[in-house]
Chemist: 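Could you have a look at this structure, given as C-alpha cells, before my questions?
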Amino acid sequence: MLEARRQNADTLRTPEWYKTATRWTQLTFVEDDPVRYDPAFWIDVFKRTKSNAVCLSAGGYIAFYPSDIPYHYVSQHLGDRDIFGALVDAARKLDMHVMARVDPHAIHADAAKAHPEWVMVNADGTPREHWAYPGIWVTNAYGEYNTVFMPEVVKEIVSKYDIDAIFANRWQGHGVDYSEDSARRFKNMFGHDLPVKADAGDPAWQAWLQWRRRVLTDIIAQWDDAVKAIKPHASFIPNMAGSSLMEFDLDVIKKHCPFLVVDHQGRRGVELGWSAGRNGKRIRATFPDRPVVLITSIGPEEEYRWKDAVTAPEEMQLWVNDGTANGLYAWFTKFNGVVPDKRWVDPIADSFHLQAAVEPVLEATAPTAEIAVIDPSTTLRHWAPEERNNGEKHDLGFYHALVEARLPFELLSDQVLTRENLDRFKVIVLANAACLSDAQVEAIRQYVDRGGSIVGTFESSLRDENGKLRKNFGLSDVFGATLVSGPRGIVKNTYIALSGSHPLNEGYDGAERIMGGTRLIDVDVKGDAVTPFLYVPDFPDLPMEEVYPRQEPKGAGVVARETGKGGRAVYVPWNIGEIFWEVMAADHGRLIANAVRWALGKAPRITVEGPGILDLALRENAEGVALSMLNLTNPMMMKGPVRENYPLPAQTVSLEIPDGKSVSKAWLVLSDRAASFNVKDGRAEIAVDSIDRLEVLHVTWK
C-alpha cells in the first residue's frame, strides 16, 4: 500500500485529487451489512488490490449512517453504528480518496405516502411500484425528489464526512414520468402532451428527449454546486453509460465533471471484450483529455441479475485489462459486504497490479491514431435509450472490423467536429451517421478540403439533425454520389460484383461477387468517381430453382474517388457495418478494412503481424509511443464468460520512425525487459515474443 500512499500524497483533498484515483474498490452495502459484514476483510482488500480510491454506499434509498433528514430511510440494522463513516476513516488512514455513493431511484412506503409527488407515475395515472421489490416505489427523477430532497441528503453527507465526491447510481430516471407536474412543465416548455411511446418520428418524443436532457443536466449542476459550497475541492460525479454524453449539455459536463465514470460492468450475450475499451473511446470522443473510470463487476452481467455471484477469473480480467489497454482507470464493484465466495479477490488484485504497472507509461502519453470513427450522437439521440443498441450496430460492425484488421483508431463525437479535433486524424469514418446538421456537414466538407479522407456508408448525411430526409446527401459532393432512390429493405439474397481492378476489391481471388447488404440505396456516380463493386440486381431466394441473377451487375455498390485535395473518399450505399455486426461475414470485414486502408493513402503508421486477435491502442508524447496490445484470442470471445486465457505467440510490430528521430529503446512494460528491433526503410521492426493477456510496448526516441 505504500506505493499508493506515495502516489496520493500530493493530491489528497485537493481539486486535483481525482488524477491519482486510478484503482477503485466499490462496496455497495445491503441492509443487514451493519451486523454481518467484516470491515477488516475489506480493509485488507484495499491493500491487496493496491486500491488508491474507494466508493462506499452512504444513502438515498437506504442510509448506512445516522441521518437526520425526514424520510431518509436508515438501515434497520444500523443501531448506534455508522458503517459508512467507519470505512471512510479506515480508507483515509490508508491515504485513499473517498467517494460516497447514493442511490435515489426508489423510496419506502412511508415516504411515498407522505410525498406522493416524489413517486413516478405510469401512463395510466397510477404510481409506479418497484418492478423487482413490491412495497417500495420508483422515484420521479425529474421532480422534487431529485431537486429538493436528494440535495439535502447530499449536503448532509458532505458536511459530516471526509469525502471527495458524491457518486449517484440510477439517478437518471426510468422512462417517461406521467405525473401532472412533469406533464405541465413539459407542455409549458414545448407545447406537447407527453409521448405515449418511444417513436423517433413523433415530435413529442423528440421534444421529451430534449426536456429530459435539460432537466437532468440541471440536476448535475445543482448537486455539484451543493457539494462545492461545503467542500470546494469535491464534486458530484454522475454514473453514466458509454453513450451518456449525448444526453447532457456538454458545457455543464465540462464545468462540473472533472472525470467521468462509465457503468458498463461486463459482457452480456455475444458482446466482445473490446466493449470495455470502447467505453473509454466514447468518452474521449467528446472529452479527449478527461480521465475515465470503468466499473467492472465480479459477477455475470446478464438480465437475470445474479448480483451476488462470481464469474470466471479470466472474464473479470478481460474486462479490466481491456479498459487498462485503452487508458481507462480500473474500478471493481461488489454488492453485499458479506463475501460467501472469495474467488474474485485474487484475479481482481492481479488485474489491479497490472494496471499499476502500466500507469506510469499510459499517464505520460496521450491517445493518438490516424483513424477516427465518428460517434454519431446526433443520430443515436433519436433512439430510446433502451433501443439504442439497434442504432449502434453500424458503428459496432466497423469497430470490430478495425479491431480484426489491427488498425488502431479512436472515436470522435459529431458534437465536437471542430477543425482542431478533425485534423488530428487522416481518415474519418461515418458508419451511418444519418443525422447531421448543415454545420456538421460543412465541418466535414472543410476537413476533406484540407486534405482529409473519409469513408461513409448507407444514410450518412441523408437526414438533418432532426431526422428529416434531405433531397440528397449533405455530403453528396464529398462522396461522389447522388441519391436516386431508397433506402429500401430488408432485402434478402443480395450481392455486389467485383468491377475492374481496385485496392478496394483486393483479396477476393476466385470470386466474381460477394454478399451485399440488406438495406440498399441507389445512387448515381458523380465526376471521376469509380465503382469497384456494382450491385447485382435482385433475384429470388426461393424456390431454389429460381435462385440465379436475371441481369448483369449495374449500379454503384461501392463508390471511390480521389478528392483532388490530397485525400480520398469511399462511399458504400448499403448497411455494411450493421450487417457485418449481425452476420460477421469475412468478406464484409475485408471490404471495411480495404476501404479504410485505401482512404489512408499510405502504409499505416503502425502495424502488428502475427496470429490471433488483438485490441490495439496507440498513445504517444514527444519522447516516444506506447502501444497497448490486449489479447482477445479465445474460443469464448463472443460468448462469455471466458474460461481460460490463451497466450499468443510471437508478434512483429512495425513502427514508422518520425523524421529526425531514431529509436533509443523498445521496452516491454509488463514483461519488464527490452525488445529486440531493427530499422529498415524508415521503420522499426520490433519483436514481441509472446503476449499473455496484455503487453505494452514503449518505444522512446533519441
Side-chain angles (χ1 to χ4, degrees), residues 199-203 205-206 209 246 373-383 387-388 390-398 412-415 417 422 428-448 452-491 494 496 516-527 529 531 533 535 555-561 563 569-581 592 595 599:
D199 180 359
D202 179 5
W205 171 255
Q206 294 301 329
L209 291 176
M246 72 182 65
V373 176
I374 299 300
D375 197 10
S377 298
T378 308
T379 302
L380 296 177
R381 195 176 287 140
H382 292 283
W383 291 78
E387 298 177 358
R388 195 172 288 149
N390 290 320
E392 291 181 315
K393 289 180 179 179
H394 305 269
D395 316 295
L396 293 169
F398 265 84
L412 175 63
S413 172
D414 67 9
Q415 299 179 94
L417 295 180
L422 284 163
I428 62 170
V429 175
L430 304 177
N432 196 41
C435 302
L436 293 170
S437 69
D438 289 345
Q440 290 170 317
V441 167
E442 185 58 28
I444 294 170
R445 180 178 290 109
Q446 290 181 13
Y447 163 76
V448 173
S453 293
I454 186 170
V455 175
T457 78
F458 197 41
E459 287 191 317
S460 290
S461 78
L462 191 55
R463 300 174 183 270
D464 68 15
E465 68 274 25
N466 298 313
K468 183 180 179 181
L469 273 170
R470 292 185 167 103
K471 293 181 179 179
N472 197 1
F473 303 102
L475 292 168
S476 173
D477 55 329
V478 172
F479 293 155
T482 300
L483 177 68
V484 175
S485 64
R488 63 186 179 93
I490 294 175
V491 183
T494 63
I496 54 173
T518 60
R519 305 176 194 270
L520 315 178
I521 295 177
D522 292 321
V523 297
D524 277 339
V525 175
K526 299 171 58 176
T531 52
F533 289 88
Y535 280 139
V558 175
V559 180
R561 61 182 288 264
T563 65
V570 179
Y571 172 65
V572 181
W574 45 280
N575 59 333
I576 185 171
E578 178 183 43
I579 203 64
F580 180 61
W581 181 244
I592 289 172

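Atom set for the values below is all heavy atoms of this structure, side chains included, hydrogens, waters and symmetry mates excluded.
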Chemist: Not counting sequence neighbours, which residues clear ring pair (Phe, Tyr, Trp, His ring centres under 6.0 Å) with Trp581? List them please.
Modeler: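 If we apply the ring pair (Phe, Tyr, Trp, His ring centres under 6.0 Å) test to Trp581, skipping adjacent residues, the hits are Trp274.
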Chemist: Restricting to side-chain hydrogen bond (donor to acceptor under 3.5 Å, both in side chains), what partner residues turn up for Thr379, sequence neighbours left out?
Modeler: none
Chemist: To the closest 0.5 Å, what do you measure between NZ (Lys468) and CZ (Arg463)?
Modeler: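 Those atoms lie 12.0 Å apart.
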Chemist: What is the ring orientation for Phe473 with Phe479, classed by angle as parallel under 30°, tilted 30 to 60°, or perpendicular over 60°?
Modeler: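 Phe473 and Phe479: perpendicular rings.
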Chemist: Quick one: closest heavy-atom pair of Ser437 and Arg470, and the distance?
Modeler: C-NH2, 3.5 Å
Chemist: Can you sort out the partners of Tyr447 under ring pair (Phe, Tyr, Trp, His ring centres under 6.0 Å), two or more places apart, ordered by chain and number?
Modeler: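 Tyr447 satisfies ring pair (Phe, Tyr, Trp, His ring centres under 6.0 Å) with no other residue.
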Chemist: Check step by step if side chain to side chain donor-acceptor pair (under 3.5 Å) holds for Asp524 and Thr482.
Modeler: CA-CA 5 Å; Asp524 277 339; Thr482 300; over 6 Å; no
Chemist: Does Phe580 have any ring pair (Phe, Tyr, Trp, His ring centres under 6.0 Å) partners at least two apart in sequence or in another chain, and if so, which?
Modeler: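 None.
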Chemist: Would you say Arg519 and Ile490 make side-chain contact, with heavy atoms under 4.5 Å?
Modeler: yes
Chemist: State which residues pass side-chain hydrogen bond (donor to acceptor under 3.5 Å, both in side chains) with Asp199; sequence neighbours excluded, sorted by chain then number.
Modeler: none
Chemist: Is a side-chain donor or acceptor of Asn432 paired with a backbone partner of His394 at a separation under 3.5 angstrom?
Modeler: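 Side chain of Asn432 to backbone of His394, a donor-acceptor pair under 3.5 Å: no, none is there.
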Chemist: Measure the CH2-NE2 distance between Trp205 and His382 for me, rounded to the nearest 0.5 Å.
Modeler: 12.5 Å
Chemist: Suppose we screen for salt bridge (charged side-chain N to carboxylate O under 4.0 Å, His left out). Which residues come up paired with Arg445, at least two apart in sequence or across chains?
Modeler: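 If we apply the salt bridge (charged side-chain N to carboxylate O under 4.0 Å, His left out) test to Arg445, skipping adjacent residues, the hits are Glu442, Asp477.
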